[in-house]
Amino acid sequence: MTKNNQLDWMQILFVFLGGFVGVLSTLPLLPQLISNSGQSLPVPIAVVQTVSVIQSSVILLLLVVLGGWLAPKINLGTPVLSAFLNRSLQKLDLKPILISGVVWGVLGGLLIIGFYLLSAPLLPAEFLENSEDLSLPFYTRLLYGGITEEVLVRWGLMSLFVWGLYRLTQNREASVKPYNYLFGIILSAFLFGVGHLPAASLLTSDVTSGLIFYIIVGNSLFGLIAGFLFWKRGLESAILAHMIAHIVMMLGEIVAA
């Protein structure tokens with residue numbers, strides 16, 4: 001087990017900035033979500049956007065610092081960023097990180113498409129219609145979905161869950177056993193799926209059990225892939241896979257149009 005008790009503030013800064021870019025990319029999305037919900041706002045949309053950015057940034061910062069503190073203790077990390085900051089990038093074998101991210105990103109995107117096609121008959125018509133009308137900017141999908149969500153869920157929450165179970169079940173000096181990582185992967189993937197429910201509820205007033213099942217399970221499936229990559233290849237591989245998965249889904253939408 002890594003016995004590093006010092007925070008790497010440069011790592012934390014770069015991880016936060018990556019996640020923050022994703023937060024900013026969601027600003028054009030808020031008016032669309034509010035419009036689809038049919039709700040009227042008591043304040044200008046700019047105020048809602050500002051509050052949203054501040055709230056999201058505070059949560060992001062807390063989870064980035066949490067991950068920066070806990071991840072090294074359980075041998076999770078950012079191999080590419082760390083090598084860059086340590087000026088040893090030329091010594092890092094990037095091939096397995098890149099290949100794993102691309103391959104699992106493609107498979108993950110195809111898995112999500114397949115799950116959607118199987119689940120569509122169970123989903124409310126209003127949800128399907130509003131989902132088609134809601135045009136997510138490609139950069140929001142790549143930056144928020146690919147970077148920010150991975151920073152929040154994998155870097156922050158998964159690190160917390162792995163470390164928490166490790167401290168409960170093992171001696172401080174013992175090597176972290178695989179079941180700790182599996183627990184963190186599964187729990188963070190489940191919460192990743194649950195975290196998509198509020199956005200789904202804005203697209204329909206008919207929140208059925210089929211819709212809840214689709215949102216949680218569909219997103220959790222990719223969460224399992226991303227969690228495994230974070231464990232085995234580092235945060236960058238999980239981010240790459242998440243971006244690739246969104247690209248595959250966007251291509252699927254183009255083909256189906």
Side-chain angles (χ1 to χ4, degrees), residues 11-29 56-57 59-60 63-64 67 71 76-85 89 92-116 131 134-159 185 188-189 191-193 195-196 199 215 218-257:
Q11 179 195 53
I12 288 173
L13 175 62
F14 275 84
V15 173
F16 173 79
L17 289 176
F20 183 68
V21 170
V23 169
L24 293 180
S25 75
T26 66
L27 289 177
L29 179 60
S56 298
S57 298
I59 295 172
L60 174 66
L63 286 173
V64 168
L76 295 174
T78 56
V80 179
L81 175 60
S82 296
F84 171 76
L85 294 175
L89 193 57
L92 179 67
D93 186 4
L94 288 171
K95 187 175 180 180
I97 296 173
L98 295 176
I99 291 178
S100 296
V102 172
V103 170
W104 283 106
V106 171
L107 293 177
L110 294 174
L111 179 63
I112 294 172
I113 292 173
F115 187 73
Y116 169 77
S131 295
L134 179 64
S135 178
L136 292 177
F138 75 93
Y139 53 83
T140 301
R141 291 188 176 191
L142 296 181
L143 297 177
Y144 188 87
I147 301 176
T148 309
E149 287 183 345
E150 289 306 310
V151 171
L152 293 170
V153 181
R154 249 59 67 178
W155 181 248
L157 293 181
M158 179 176 155
S159 295
I185 290 171
S188 61
L191 293 179
F192 177 64
H196 285 76
I215 295 297
N219 287 287
S220 295
L221 288 174
F222 184 80
L224 296 175
I225 293 174
F228 180 80
L229 288 174
F230 178 38
W231 173 25
K232 293 297 186 180
R233 300 300 185 194
L235 182 64
E236 295 92 346
S237 189
I239 288 174
L240 176 60
H242 206 144
M243 287 182 163
I244 295 293
H246 276 292
I247 292 173
V248 170
M249 288 186 286
M250 286 187 283
L251 291 175
E253 292 166 6
I254 294 174
V255 172

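Side chains are part of it too, since the values below use all heavy atoms of this structure and drop only hydrogens, waters and symmetry mates.
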**OP:** Report the C-alpha distance between Thr148 and Val21 in whole Å, list the side-chain angles of each, state the deciding distance to 0.1 Å, and finish with yes or no for side chain to side chain contact (heavy atoms under 4.5 Å, CB included).
**Re:** CA-CA 8 Å; Thr148 309; Val21 170; over 6 Å; no
**OP:** Carefully, step by step, assess Leu98 and Glu236 under the rule side chain to side chain contact (heavy atoms under 4.5 Å, CB included).
**Re:** CA-CA 9 Å; Leu98 295 176; Glu236 295 92 346; over 6 Å; no
**OP:** Measure the shortest side-chain to side-chain distance between Leu111 and Phe222 over non-hydrogen atoms and say whether it is less than 4.5 angstrom.
**Re:** no
Subject >> Flag side-chain contact, heavy atom, 4.5 Å: Leu92 against Ile97 >> reply: yes
Original post:
To the nearest 0.5 Å, what is the distance between CD1 (Ile239) and CD1 (Ile244)?
Top reply: 12.5 Å
Subject >> Minimum side-chain heavy-atom gap Leu221-Ile112 below 4.5 Å >> reply: no
**OP:** Sequence neighbours left out, what passes side chain to side chain donor-acceptor pair (under 3.5 Å) with Thr78? Give chain and number order.
**Re:** Gln11, Ser82
**OP:** Quick one: pull up CG in Leu76 and NZ in Lys232 and give me the separation to the nearest 0.5 Å.
**Re:** 10.5 Å
**OP:** State, to 0.1 Å, how close Ala238 and Phe230 come at their nearest heavy-atom pair, and which atoms those are.
**Re:** CB-N, 4.2 Å
**OP:** Please say whether more than 12 non-hydrogen atoms of neighbouring residues, nucleotides or ligands are located less than 6.0 Å from CZ in Phe84.
**Re:** no
**OP:** Classify the ring geometry between Phe20 and Phe16 as parallel (under 30°), tilted (30 to 60°) or perpendicular (over 60°).
**Re:** parallel
Original post:
Taking atom CG of Leu81 and atom CD1 of Ile12, what is their separation to the nearest 0.5 Å?
Top reply: 11.0 Å
Original post:
Is there a side-chain contact between Val80 and Leu94 (heavy atoms, below 4.5 Å)?
Top reply: yes
Original post:
Can any side-chain N or O of Ser220 pair as donor or acceptor with the backbone N or O of Ala189 at less than 3.5 Å?
Top reply: yes
Subject >> Point-to-point distance, once rounded to the nearest 0.5 Å, from CD of Glu149 to CG of Asn219 >> reply: 7.5 Å
Original post:
Are any of the side-chain nitrogens in Arg141 or Glu253 under 4.0 Å away from the carboxylate oxygens of its partner?
Top reply: yes
**OP:** Heavy atoms only: give me the nearest Ala241-Leu229 pair and the separation to one decimal.
**Re:** CB-CD1, 3.4 Å
Original post:
Judged by atom type as modelled, is there a donor-acceptor pair below 3.5 Å linking the side chain of Ser188 to the main-chain atoms of Arg154?
Top reply: no
**OP:** Could you tell me how the ring of Phe228 sits relative to the ring of Trp231: parallel (under 30°), tilted (30 to 60°) or perpendicular (over 60°)?
**Re:** perpendicular
**OP:** Please answer whether the main-chain N or O of Trp155 pairs with a side-chain N or O of Glu150 as donor and acceptor at a distance below 3.5 Å.
**Re:** no
**OP:** Please round to the nearest 0.5 Å and tell me the distance separating atom OG of Ser237 and atom CD1 of Ile225.
**Re:** 11.5 Å
**OP:** Could you check if a side-chain atom of Leu142 sits within less than 4.5 angstrom of a side-chain atom of Ile247, using non-hydrogen atoms only?
**Re:** yes
**OP:** Run the numbers on Leu240 and Val102 for side chain to side chain contact (heavy atoms under 4.5 Å, CB included), then give the verdict.
**Re:** CA-CA 7 Å; Leu240 176 60; Val102 172; 4.0 Å; yes
Subject >> Nearest heavy-atom neighbours spanning Ser25 and Gly22 >> reply: OG-O, 2.6 Å
**OP:** With Val151 as reference, evaluate Leu63, Val64, Val23 under the side-chain contact (heavy atoms from CB on, under 4.5 Å) test and give the passing residue.
**Re:** Val64
Subject >> Any donor-acceptor pair under 3.5 Å from His242 side chain to Gly145 backbone >> reply: yes
Original post:
Which residues satisfy the ring pair (Phe, Tyr, Trp, His ring centres under 6.0 Å) test with Tyr144, sequence neighbours excluded?
Top reply: none
Original post:
Hey, does Leu152 have a side-chain heavy atom less than 4.5 Å from the side chain of Leu60?
Top reply: yes
**OP:** Using side chain to side chain donor-acceptor pair (under 3.5 Å) as the criterion, list what pairs up with Ser100, not counting sequence neighbours.
**Re:** Arg233
